[in-house]
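Structure first, then comments.
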Amino acid sequence: MRAHLVRVDAVLVQAVIAAALSFAHLHDLAVAAGQDGWKAWAYPVSVDLLLVAAWRRLRSGGPKAAGWCWFLVALTASLGANVATAGLLDLGAVPAWLRILVAGWPAVAFLGGTLLAHTRHETAEESAPAAPEQTATAPEPEQRPAVAPRPVPVPAALVAHARKVADEHHARTGSAIDASTLRARLGVPAPLAEAIAAQL
């Protein structure tokens, strides 16, 4: 546990030293390019904030093209200041093109930070198609097979009597007797009358 803490502390100390040196180099370059007072201190802050915003985009899991683009822009600005102030550039006679770059940096940093912070990027959950909503439907009634009605037993004597009644009706009216008339004449229930009529 203690070894782990020592390793983390060493990394943090190294990161703080590197950030402080880079911060100082950016400040010195801004002063040499004509940006004095609080403006010279604002330049390294804007570079570091753009680096942080780009790094957060790279770690967000979304599209990484914009993150890498602005990360490289901010890293180039930081490395450029480090190299320029290492003795390769006369800070007493800064060329006009470098003054233009330093003067234009705030607009570049603002554009990059705004695009990184406010550009919406789809996550895996958002790009997945939404599942169709299932609407509640009433269950279909159970289909039962049709059961044939059980035949009504008819005594043979009753059929014989009904045949006489039917012959008498036919002789009198000239038409076959129907089940309702047969029921009225015999005084039997409707199912029995229909069963007798079916056997006539």
Side-chain angles (χ1 to χ4, degrees), residues 1-140:
M1 182 67 178
R2 182 174 298 176
H4 179 69
L5 289 176
V6 170
R7 184 167 60 252
V8 172
D9 289 344
V11 171
L12 289 177
V13 169
Q14 183 181 11
V16 169
I17 293 173
L21 290 173
S22 179
F23 198 92
H25 291 156
L26 284 164
H27 171 266
D28 294 345
L29 184 63
V31 170
Q35 307 295 327
D36 54 356
W38 66 270
K39 293 182 288 184
W41 294 108
Y43 275 87
V45 173
S46 68
V47 172
D48 289 345
L49 288 179
L50 186 58
L51 279 170
V52 171
W55 179 248
R56 288 189 63 184
R57 170 58 67 89
L58 293 175
R59 302 274 294 177
S60 67
K64 294 181 171 53
W68 277 116
C69 174
W70 291 107
F71 184 82
L72 291 176
V73 169
L75 187 62
T76 301
S78 180
L79 287 176
N82 294 341
V83 172
T85 56
L88 299 180
L89 180 68
D90 183 6
L91 296 181
V94 176
W97 62 266
L98 185 55
R99 290 177 180 272
I100 294 173
L101 286 179
V102 172
W105 172 256
V108 174
F110 177 77
L111 175 63
T114 302
L115 292 177
L116 289 172
H118 297 290
T119 301
R120 182 180 179 274
H121 57 280
E122 283 189 353
T123 61
E125 294 179 358
E126 293 174 342
S127 59
E133 295 183 359
Q134 295 181 353
T135 56
T137 56
E140 295 183 1

[atom2] on [Y] to [atom1] on [X], rounded to 0.5 Å:
| X | Y | atom1 | atom2 | answer |
| --- | --- | --- | --- | --- |
| Leu50 | Ser78 | CG | OG | 11.0 Å |
| Leu116 | Leu49 | CG | CG | 11.5 Å |
| Leu111 | Trp70 | CG | CH2 | 4.5 Å |
| Asn82 | Leu26 | CG | CG | 6.5 Å |

Next on the checklist: Checking His27 against Tyr43 for the side-chain contact (heavy atoms from CB on, under 4.5 Å) test, could you report, in this order, the C-alpha distance in whole Å, the side-chain angles of both residues, the deciding distance, and whether it holds?
Outcome noted: CA-CA 7 Å; His27 171 266; Tyr43 275 87; over 6 Å; no
Checklist outcome for this item: side chain to side chain contact (heavy atoms under 4.5 Å, CB included) filter on Arg99, not counting sequence neighbours, yields Ala33, Val94
Item to check | Residues in side chain to side chain contact (heavy atoms under 4.5 Å, CB included) contact with Trp97, at least two apart in sequence or another chain | outcome: Pro95, Leu101
Next on the checklist: Under the rule for side chain to side chain donor-acceptor pair (under 3.5 Å), what residues qualify as partners of Ser46, not counting sequence neighbours?
Outcome noted: Trp105
Checklist entry - Of the non-hydrogen atoms in Thr85 and Asp28, which two are nearest, and what is the gap between them? => result CG2-CB, 4.3 Å
Item to check | Side-chain (Thr114) to main-chain (Phe110) donor-acceptor, under 3.5 angstrom | outcome: yes
Item to check | Student check: side-chain heavy atoms of Asp48 and Leu51 closer than 4.5 Å | outcome: yes
Checklist entry - Should Asp36 and Val31 be marked as a side-chain contact (heavy atoms from CB on, under 4.5 Å) after you check the CA-CA gap, both sets of side-chain angles, and the distance that decides it? => result CA-CA 5 Å; Asp36 54 356; Val31 170; 5.5 Å; no
